[in-house]
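Below is one structure; the comments refer to it alone.
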Amino acid sequence: MRAAILAAEHLDLLIQALRDSGYLVIGPVRDELAIVYDEIRSVRDLSQGWLDEQEKGHYRLLPSGDGRYFGHTVAANAWKKFLNPPKRLLWRARQHNGQLQFMPQSEDAPQLAFLGVRSCELHAIEIQDAVFVHDQHRDEVYSQRRQSLFTVAVNCTRAAATCFCASMNTGPEVTLPSDLVLTEVLDDASHYFLVDGGSERGRNILATLPLRAATSKQQALAKKGIESARQQMQTGPRFFDSAGIKELLYRNLESPAWDEVADRCLSCANCTLACPTCFCSAVEDTTDLTGEHAERWQQWDSCFNGEFSYIHGGSVRQTTRSRYRQWMTHKLASWIDQFGHSGCVGCGRCISWCPVGIDITEQLQAIQQADKP
Amino acid sequence: MTEATSTSKHPSPSDDAPAGKAKLAVWKFTSCDGCQLSLLDCEDELLTLAGQVDIAYFMEASSRQLPGPYDLSIVEGSITTPEQRELIQAVRAQSRFLIAIGACATAGGIQALRNMAQVDDYIQIVYANPEYIDTLDRSTPLSDHVNIDFELRGCPINKHQLVEVISAFLNRRRPRISEHAVCVECKLNNTVCVAVSRGEACMGPVTQAGCGALCPRYHRPCYGCYGPKENANPQALIDWQSSLGIETVKILENFTNFNTAAPPFHNAASSIRRDRQNPPGKSP
Ligand code: SF4
Ligand code: SF4
Ligand code: SF4
Ligand code: SF4
Ligand code: SF4
């Protein structure tokens, strides 16, 4: 199907069409302090007219001064919390007449529609699919939510200073399959979305909307927006050639750069928890006071936590140096050995949300500079 | 959530449990009672607890006093007088397990601010008849005096964590209490970081979790009432906050409150004071 135009004032029709089809729609909303992904019921819930200013260890919400719905970049939280809940009860057990009764917890997976997924984020979801759906240990909660997931992707027409998808080849233009893809254009007095249907169910939704055929000028304007986001990244300080990173890191496991970053790192885990691809969790059992009821809980964990590498006798990674090195080499090197692609999509969240402004792209440069091949 | 049921045979776990109910004692040293009150505040669980244990000594709740030995002693407060120094030894000797609760018992509490000053000067100022005062010159955590089986942090402690620790000891398992940063709770709760989004002097990255990131949930920075997290790096936080232009007194204040005597916080405060006297870059 040829690209079509959805007038901005009809965006709500898309949201309502998804809701009418039974989807719980999640999209960018304005929290008091940042843009976050959360449930939306109508277009009024969207963070229209707000921008994110992002730098290392820095995020500010600013009025954009225009009526764009998607003028900001990635939200503070990643979509992963909707597919892989941060805390979940796996089973409960009851002790009765000397017998243990197990009650596994299962759920009726909500049917989710994500509105406003960026290209890097589609890549991140694909990366998590490799872990939770296609790997040998399939995660049922994730897999079920993922199976019914409807995505409305949005091409980025602006990059934050922390974005580096252009370096990781994951954006700013949407290239992975998505049920729908939007590009927002605000030009003089006209405000519209260029819309593409990427699946049967996507096209079925489109069939219910008042669309017009896109003129070649409208298509060119949409392209121009994406190119300007690419330009912003290519001329910024976080643009680099990501070829050969794995080898670079593997031959620099004893680089002095690790010592320097360890002095600044708090091992607070914010980077891994904000990251849309980090997938680790811990599983813990607990009882009530009587000892007659037990529960098993799973919750997100991080390689920056001491307990994460706890084995008999203590934590294997006691030092911050070893934890930072684990995180960065996993993201950029051993992830490739494990899953065939990098674990970083260049969304910049770990840079913005690090409370002391540690920047993975700077660290990479530091290792490059100290590299003695 | 729906439930499916399966059953498996299991030997009775009570085989090696001591006969009768476990005897619980709750002790108070130098403290404000806030942590003990957390126990009384556990309305839902208190009745269950009373059914599981024999509350043999808990002055805050009942005048009944049974002699030791006790299976589990829960101790609030720091050691600040010569008598307390003796008493904590006796409590330890009478207790199978001893759990320290709260910032006072685990770090010396706010009263450990005296550790940095001359205690006699304070006594002269505060008391009308200083001669009646017999006090130690430092406020110290229980672990300076006796072996502790578990330390539960917080000022005050979180009642759900207290129930978890008691359940763990009654059922002989590891308490499900994490030593990681408050930040982990912010992220798990979907709370937007106030340090990054507002430039606040938040102590969360060097503070142990357990409160559920209570302050950031209300858009306020953490002030460190749970004390240092495992592997804390206060210096890195101080450097960053200084670079943002946050006032030194504000940064110092965060390290000199309820956990002022916890070594990582104490050392951080000392380093701030040192740098104030001899600013780095200028030779003294
Ligand atoms: S490592 Fe950082 S930039 Fe890369 S995907 Fe994760 S959060 Fe985004
Ligand atoms: S970087 Fe750390 S938290 Fe992230 S997936 Fe790897 S081991 Fe897990
Ligand atoms: S890199 Fe930053 S966010 Fe990550 S653990 Fe270190 S201090 Fe925390
Ligand atoms: S608000 Fe404070 S505790 Fe929460 S993530 Fe930010 S720095 Fe950590
Ligand atoms: S956020 Fe910090 S100061 Fe507030 S209750 Fe928790 S540990 Fe205490």
Side-chain angles (χ1 to χ4, degrees), chain A residues 31-34 36 38 57-61 76-77 81 86-87 89 92 95 98-108 262-270 273-274 284-291 297 299-302 304-308 315 318-320 323 352-357, chain B residues 1-14 45 48-49 51-53 163-164 166-168 170-171 173-176 178-184 186-190 192-199 202 204-206 219 229-237 239-241 243-244:
Chain A
D31 185 82
E32 198 177 317
L33 302 176
V36 298
D38 210 339
H58 175 97
Y59 183 106
R60 292 292 183 277
L61 204 52
N77 56 354
K81 77 172 263 247
K87 296 176 208 171
L89 180 59
R92 291 190 292 145
Q95 194 176 183
Q99 294 207 322
L100 278 181
Q101 255 182 350
F102 287 93
M103 293 154 281
Q105 302 294 300
S106 58
E107 61 161 17
D108 296 324
D263 280 347
R264 286 185 291 132
C265 173
L266 307 166
S267 67
C268 66
N270 274 303
L273 299 167
E284 285 181 310
D285 294 350
T286 181
T287 60
D288 69 352
L289 283 165
T290 65
W297 284 86
Q299 78 174 41
W300 291 359
D301 200 358
S302 164
F304 279 103
N305 293 339
E307 298 124 341
F308 181 88
S315 173
Q318 307 250 359
T319 63
T320 304
R323 295 182 198 173
S352 303
W353 297 102
C354 172
V356 289
Chain B
M1 299 260 167
T2 55
E3 292 181 358
T5 303
S6 66
T7 305
S8 79
K9 279 231 180 276
H10 195 271
S12 164
S14 57
E45 295 86 358
T48 317
L49 181 65
Q52 294 300 308
V53 300
V163 171
E164 164 60 18
I166 296 174
S167 303
L170 291 180
N171 293 292
R173 61 178 174 84
R174 241 184 100 189
R176 190 177 167 231
S178 296
E179 297 179 342
H180 55 227
V182 176
C183 303
V184 173
C186 278
K187 289 287 175 286
L188 262 60
N189 296 343
N190 212 25
V192 174
C193 174
V194 298
V196 167
S197 69
R198 269 189 179 165
C202 187
V206 295
H219 294 171
K229 77 180 269 282
E230 167 269 346
N231 198 26
N233 186 358
Q235 191 59 50
L237 191 65
D239 292 345
W240 178 259
Q241 292 180 346
S243 78
L244 293 183

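First the proteins, then the strands, lettered A, B, ... as listed; each starts at 1. Since this is a predicted model, take the numbers as computed values, not measurements.
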What is the distance from atom [atom1] of [X] to atom [atom2] of [Y], rounded to the nearest 0.5 Å?
X: B:Asn231; Y: A:Asn305; atom1: CG; atom2: CG; value: 10.5 Å
X: A:Asp285; Y: B:Arg174; atom1: CG; atom2: CZ; value: 11.5 Å
X: B:Cys186; Y: A:Trp353; atom1: SG; atom2: CH2; value: 10.5 Å
X: B:Leu170; Y: A:Leu289; atom1: CG; atom2: CG; value: 6.5 Å

Under 4.5 Å to a heavy atom of chain A? For B:Gln52 that would be side chain

Which atoms of B:Gln235 are under 4.5 Å from chain A, going by heavy atoms: the side chain, the backbone, both sets, or neither? neither

Nearest heavy atoms of [X] and [Y], plus distance in Å:
X: A:Ala274; Y: B:Lys187; answer: CB-CE, 4.1 Å
X: B:Val196; Y: A:Pro355; answer: CG2-CA, 4.1 Å
X: A:Asp263; Y: B:Ala236; answer: O-CB, 3.5 Å
X: A:Leu266; Y: B:Pro205; answer: CD1-CB, 3.4 Å

Do A:Trp300 side-chain atoms and B:Leu188 backbone N/O form a donor-acceptor pair below 3.5 Å? no

Sidechain-backbone polar pair: B:Arg176 side chain, A:Glu284 backbone, donor-acceptor under 3.5 Å: no

Using non-hydrogen atoms and a 4.5 Å limit, figure out which bit of [X] sits close to chain B: side chain, backbone, both or neither.
X: A:Ser315; result: neither
X: A:Ser352; result: backbone
X: A:Gln318; result: backbone

Answer yes or no: is there a side-chain heavy-atom contact under 4.5 Å between A:Arg264 and B:Asp239? no

Which residues pass the side-chain hydrogen bond (donor to acceptor under 3.5 Å, both in side chains) test with B:Glu45, sequence neighbours left out? none

Applying side-chain hydrogen bond (donor to acceptor under 3.5 Å, both in side chains), can you list everything that pairs with B:Ser243, at least two apart in sequence or on another chain? none

Check against salt bridge (charged side-chain N to carboxylate O under 4.0 Å, His left out), A:Glu32 and B:Arg198: CA-CA 11 Å; A:Glu32 198 177 317; B:Arg198 269 189 179 165; 3.5 Å; yes

Top residue by heavy-atom pair count (under 4.5 Å) with chain A, among [options]?
options: B:Val206, B:Leu237, B:Leu244; answer: B:Leu237
options: B:Cys202, B:Ala181, B:Ala232, B:Ser167; answer: B:Ser167
options: B:Asn190, B:Val53, B:Val182; answer: B:Asn190
options: B:Glu179, B:Glu230, B:Gln241; answer: B:Glu230

Among the options A:Val36, A:Asn270, A:Asn77, pick out the one with the most heavy-atom pairs lying under 4.5 Å from chain B. A:Asn270

What verdict does the side-chain hydrogen bond (donor to acceptor under 3.5 Å, both in side chains) test give for B:Asn233 and A:Ser267, after you've listed the backbone C-alpha separation in whole Å, the side-chain angles of each residue and the deciding distance to 0.1 Å? CA-CA 8 Å; B:Asn233 186 358; A:Ser267 67; over 6 Å; no

